[in-house]
Amino acid sequence: METVNHKQLMKLGFSKTASKQIIKEAKLIAVKRIEEARNSSNNLVHLSKSPFDNRRLDLAPTSIVEELLGFQISL
């Protein structure tokens, strides 16, 4: 899974505050999706907690960030 951090978003022209907010929102979506996947019965791997459920982690999945922004990012 490819990830992106707020510094990489800043290189694209976003402010520090906007970059951190985008990462925060993407992490919330990632946590929600992992919880939904965990609740389905056909998963082989069961995670007790999402790896993105950490407020100090400055990473979010690139695919979710791209969904939020509405365009693909190339880093």
E67: which residues meet the salt bridge (charged side-chain N to carboxylate O under 4.0 Å, His left out) condition with it, sequence neighbours left out? R33

Please list every donor-acceptor pair under 3.5 Å in which a side-chain atom of residues 24-31 meets a protein atom from a residue at least two apart or in another chain.
residue	atom	partner	partner atom	Å
E25	OE2	Q21	NE2	3.2
K27	NZ	N54	O	2.6
K27	NZ	L57	O	2.7

Which atoms form the tightest heavy-atom contact between L9 and I73, and what is the distance? CD2-CD1, 4.4 Å

Would a hydrophobic clustering, with Ile, Leu, Val, Met, Phe, Trp and Tyr connected at side-chain separations under 4.5 Å, put L12 with I22? yes

When rounded to the nearest 0.5 angstrom, what distance separates OG1 in T62 from CG in L69? 10.5 Å

Inter- and intrachain pairs under side-chain hydrogen bond (donor to acceptor under 3.5 Å, both in side chains), touching residues 6-20, at least two apart: H6-D58

Please report the shortest heavy-atom distance between I23 and N5, naming the atom on each side. CD1-C, 3.9 Å

